[in-house]
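Inspection log for the structure reproduced underneath, given as structure tokens.
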Amino acid sequence: MGSIFQITCDGAFFNRCLDCFLGKVANTSKLQDNLVALETELGKLIAAKNDVMMRVVNAERQHLRTLDQVQVWLSRVEAVETEADELKRHGSQEIDKLCVGGYCSKNCASSYKFGKQVAKKLRDVQTLIDEGVFAAVATEVVPERAPEPVADERPTEPTIVGLQSQLEQVWRCLVEESVGIIGLYGMGGVGKTTLLTHINNKFLESPTSFDCVIWAVVSKDLRLEKIQEDIGKKIGLVDDSWKSKSVEEKALDIFRSLREKRIVLLLDDIWERVDLTKVGIPLSGPKNTTSKVVFTTRFVDVCGSMEADKKFQVACLSEEHAWELFRKKVGEETLESDHDIVELAQTVAKECGGLPLALITIGRAMAFKKTAEEWSHAIDVLRTSASEFAGLGEKVYRLLKFSYDSLQNETIRSCFLYCCLYPEDYSILKWDLIDCWIGEGFLEESDRFSAENQGYYIVGTLVHACLLEELEDDKVKMHDVVRDMARWIACEIEKEKRKFLVCAGAGLKEAPDVKGWENVRRLSLMQNQIKTLSEVPTCPHLLTLFLDFNQELEMIADGFFQLMPSLKVLKMSNCGQRRLKLPVGMSVLGSSLELLDISCTGITELPEELKKLVNLKCLNLRWTGALIRIPRQLISKFSRLRVLRMFAIGYDRFHEAPEDSVLFGGGEVLIQELLGLKYLEVLELTLGSYHALQILLSSNKLKSCIRSLCLEFAGDTASIIDATAFADLNYLNELNIYSGFELEELKIDYTEIVRKRREPFVFRNLHRVTIHSCQKLKDLTFLVFAPNLKSVQLLDCYAMEEIISVGKFAETPEMMGHISPFENLQMLDLEDLPHLKSIFWKPLPFTHLKEMAVSGCDQLEKLPLDSNSAKERKFVIRGEEDWWNRLQWEDEATQIAFRSCFQPMGVLSGGRKI
């Protein structure tokens, strides 16, 4: 038995060995030898690669070009080198798994797979070594030819009207600054692609150190494969085998080709974030610190998601540049064919709102219209039914409509289209627009603050999509061409769904035929010269009716609203300045009307029958200065009211309010009625006595609702108001004190505030303050605790000596060095303050100031400005010239710096300054 030995093993070990011996032993048993051979052969391949690379470099120095096959071979060598290094790294781990003298493994499947990979990689290395001989020779036999251009020239017009300065700005970022990613954003048709094309072509004109400029179009339907294909074509990767690779494999090939090169990637028309790492673009790192990416987009949000280091808005052209572009497209021959055409052509150009695509499209369409009549007709068409103008619908509106189609949901699209109810060039108050959206039911209203936040989010979305333009913090407008596009969608493309009739700003003196209103859902007659609404229309589906700014409106027929059973939003602001009366019969809207806006009208009383508007949720009476009669118990009947805007009502006759009006007693009766409104959340209020103010401030419910407060104290004897009480009005945005003839002080306990509060800014939401005809008031020092003030108006305050008094801080020296009021101030208006000597005791930064207007302030001899104030000098100082010449300055340099900001103030015939 000496020749016989016995192996003890369990079943699992036996099965593994059996599996190995069934045809898989070879790769496993030779694993160690193959790894050694792979390392040896890889060394030979690397040596061959280095020889070829040296020949390539020498060839390039002699302006010789190597064959494409050589570049492909080098790329393959790099790939194999990386893969072989990975196998070598795991080699010792796999060898440790071997047993039975290397003929078996503790994990046969793993060892077999790894052995097979090593054997294949060894064959690949040997194949590349054989091919390397050809590669080395090929570098010597290529004929001489010119080097490839860094960029491929793209067709474009030779000049870019109005975009030259932006081209230079972007170019400086590319060649001078350490900026990696640059975003160009703006509305459709504004010239983003044109600008990007000129950037691309400028690389052919101006020498730079970049190796390659790559152009790729992204578009709305983002496909990484398409971007990779554009890049692959430029750098010579595309062939049949490469096309069949996965996105990840292509990304790796692109990365290897570009990681040590200086490239510029130009991406046109991005609609969402493009993950550049998944494309294969080497971002800034140890080996690549100077590559750049420039992209165009319609959405400023994309600049954020792309982590752009710098962004540039491509805006519409100025009037001067718009006319220059338009006349080029029309041609001098046409413009000179009739002496009236130039003036008419300028009017047509203005209708384009500076949008280059519209200017080009309309200019080309008018190039051979050589009679004044044809041009006059074009103006009529553009103003009434622009979509019918040749080319606008197909070439301009459809391009812009992509932005509309890409909005997130139907709610945002509905909110956008609603904006076209406003006239051309109209400044839309954000909160007013959101009131309408809520009234229409676009926004959820379970909680007013949440609904408002949603509304502001939608406004922001539309601004970021370049479908609305932000004018100020609280206003937006629609570009003329975008508005025309919105009307085209609402009134034609989605006519059956939307049913809009928009006649805003059409110059109408009579209302359009009411027979055309029958199927309309939203109707705007804003900003016309309509004097009467004498017919009774049948409008069973009407939801919104805009009548605002028909200032000549004298009469609305009784029963006008009789056949509008669905009406939710009724706006009549700035109508009938000659004390318009509301028509009899408005009570029929009781079950439907949710928003009633009669602000800025000459209305003197609210009729008793309005109490039947039981579904009313928003009532806007702002700036109804003649309104003094509001029947008692009327406001309390609006049991579902959430928003009541009564700012500056009856301000010129408040003390005349009759006993049967809720305004009687300075508003004390009104406050009692407001306390019964269960759902009230937003309140703008006018009060006529200090006692009424104290009652208001005793109610936590009303204090939580107050947004704007107007105090009209003409008949009050209060000499001191404790301004600290306003600190509990957390949402107070606007404060107006009018005719406080006896008011001497707005008192505030500065020491107590500093001692009690960690941050002594107690009026955080206060944005606008107006003090008018408070003839004994000497200062407004409490404003130092309102850090977000944007507008301050002081008028006819004859005793005012200082706006911020240094003396009132004598007891709190720790505050003196930290106070810097008016940091966010945009407008400061000082008028008829004959004793005013100081705005503030030291210079202020005025970072956001847009305008300072001073008149009738002869003792104000120094402004709180020095060389560090408003460094960009973009604001205006308006005042009388003799006052300006008397001003004292910190030094001559400061005086010279602000000289360009001054604009002399004119005088109207009535003596008021403008």
Side-chain angles (χ1 to χ4, degrees), residues 347 350-351 353 376 379-388 417-429 432-433 436 475 477-484 486-488 490-492 498-539 542-561 563-564 567 569-583 586 595-603 620 622-624:
T347 302
K350 287 177 184 177
E351 289 294 320
S376 296
I379 294 171
D380 291 340
V381 172
L382 288 170
R383 287 177 174 173
T384 56
S385 51
S387 61
E388 296 179 10
L417 294 180
Y418 201 88
C419 297
C420 78
L421 294 172
Y422 294 89
E424 194 173 279
D425 291 323
Y426 186 82
S427 297
I428 307 171
L429 281 164
D432 185 53
L433 178 61
C436 293
K475 292 179 182 177
K477 66 171 284 190
M478 240 182 179
H479 185 278
D480 294 349
V481 178
V482 173
R483 177 179 177 270
D484 288 339
R487 289 178 60 197
W488 172 66
C491 302
E492 295 182 38
R498 306 289 180 180
K499 294 185 173 67
F500 276 51
L501 177 57
V502 182
C503 302
L508 301 178
K509 294 186 177 180
E510 295 182 356
D513 189 350
V514 296
K515 292 178 182 177
W517 303 12
E518 188 169 352
N519 294 312
V520 173
R521 290 179 182 271
R522 296 173 186 93
L523 170 61
S524 178
L525 301 177
M526 275 187 77
Q527 211 173 75
N528 286 294
Q529 291 91 48
I530 299 171
K531 291 187 175 182
T532 64
L533 293 169
S534 55
E535 296 185 70
V536 177
T538 301
C539 306
L542 191 65
L543 299 170
T544 287
L545 175 60
F546 281 10
L547 297 174
D548 316 54
F549 287 95
N550 280 282
Q551 296 182 340
E552 302 298 316
L553 189 61
E554 297 173 352
M555 188 273 289
I556 300 176
D558 291 341
F560 178 80
F561 299 105
L563 301 175
M564 299 182 184
L567 191 65
V569 175
L570 174 59
K571 286 178 58 64
M572 299 172 60
S573 69
N574 289 278
C575 279
Q577 297 303 306
R578 298 175 185 174
R579 298 190 175 179
L580 173 74
K581 289 186 178 180
L582 294 178
M586 286 190 67
L595 181 150
L596 175 60
D597 180 0
I598 47 177
S599 61
C600 303
T601 61
I603 191 168
N620 187 355
R622 283 176 62 94
W623 292 102
T624 48

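Residue numbers run from 1 in the order of the sequence given. Note that this is a predicted model, so its numbers are computed, not measured.
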Among pairs that include at least one residue of residues 509-521, which meet side-chain hydrogen bond (donor to acceptor under 3.5 Å, both in side chains), considering only residues two or more places apart or in two chains? none

Closest non-hydrogen atom pair between Leu547 and Leu570, with its separation: CD1-CD1, 4.5 Å

In this structure, CG of Leu533 is separated from CZ of Phe561 (nearest 0.5 Å) by 8.0 Å

Heavy atoms, side chains only, cut-off 4.5 Å: are Met555 and Ser534 in contact? yes

I need the minimum non-hydrogen distance between Val502 and Cys491, along with the two atoms involved. CG2-SG, 4.5 Å

Kindly give the heavy-atom pair with the smallest separation between Thr624 and Ile598, and that separation in Å. CG2-O, 3.3 Å

Out of curiosity, Met586 CE to Ile556 CD1, how far, rounded to the nearest 0.5 Å? 8.0 Å

So do Asp597 and Asp432 actually touch side chain to side chain, heavy atoms under 4.5 Å? yes

For the backbone of Val482 and the side chain of Asp484, can you confirm whether one donor and one acceptor N or O come within less than 3.5 Å of each other? no

Within the 4.5 Å heavy-atom criterion, are Ile603 and Met572 side-chain neighbours or not? no

Anything under 3.5 Å between a donor and an acceptor, one on a side chain of residues 420-427, the other on a protein residue two or more places apart or in another chain? List them.
unit_1: Asp425; atom_1: OD1; unit_2: Lys477; atom_2: NZ; d: 3.1

When every non-hydrogen atom of Gln529 is compared with those of Glu552, the smallest separation belongs to O-CB, 4.5 Å

Looking only at heavy atoms, the pair that brings Glu351 and Arg383 closest together is OE2-NE, 3.1 Å

Non-neighbouring partners of Asp480 that pass side-chain hydrogen bond (donor to acceptor under 3.5 Å, both in side chains), sequence neighbours left out: none

From CH2 (Trp488) to CZ (Phe500), nearest 0.5 Å: 15.0 Å

Please examine the side chains of Thr544 and Lys571, heavy atoms only from C-beta on, and report whether any two atoms are closer than 4.5 Å. no

On a heavy-atom basis, which atom in Ala490 and which in Arg498 lie closest, and how many Å separate them? O-CB, 3.4 Å

Test item: Asn620 and Ser573 side chains (from C-beta on) under 4.5 Å apart, heavy atoms: no

Here's a test for you: under side chain to side chain contact (heavy atoms under 4.5 Å, CB included), which of Leu553, Leu501, Ile530 qualifies with Leu525? Ile530

Sub-4.5 Å side-chain heavy-atom contact between Trp623 and Cys600: yes

A side-chain contact here means heavy atoms from C-beta on lying under 4.5 Å apart; do Asp548 and Asn574 qualify? no

Any chance you could measure Leu545, atom CG, to Arg522, atom CZ, to the nearest 0.5 Å? 13.0 Å

When rounded to the nearest 0.5 angstrom, what distance separates CZ in Phe546 from SG in Cys503? 13.5 Å

With rounding to the nearest 0.5 angstrom, report the NZ to CG distance, Lys350 to Leu382. 14.0 Å

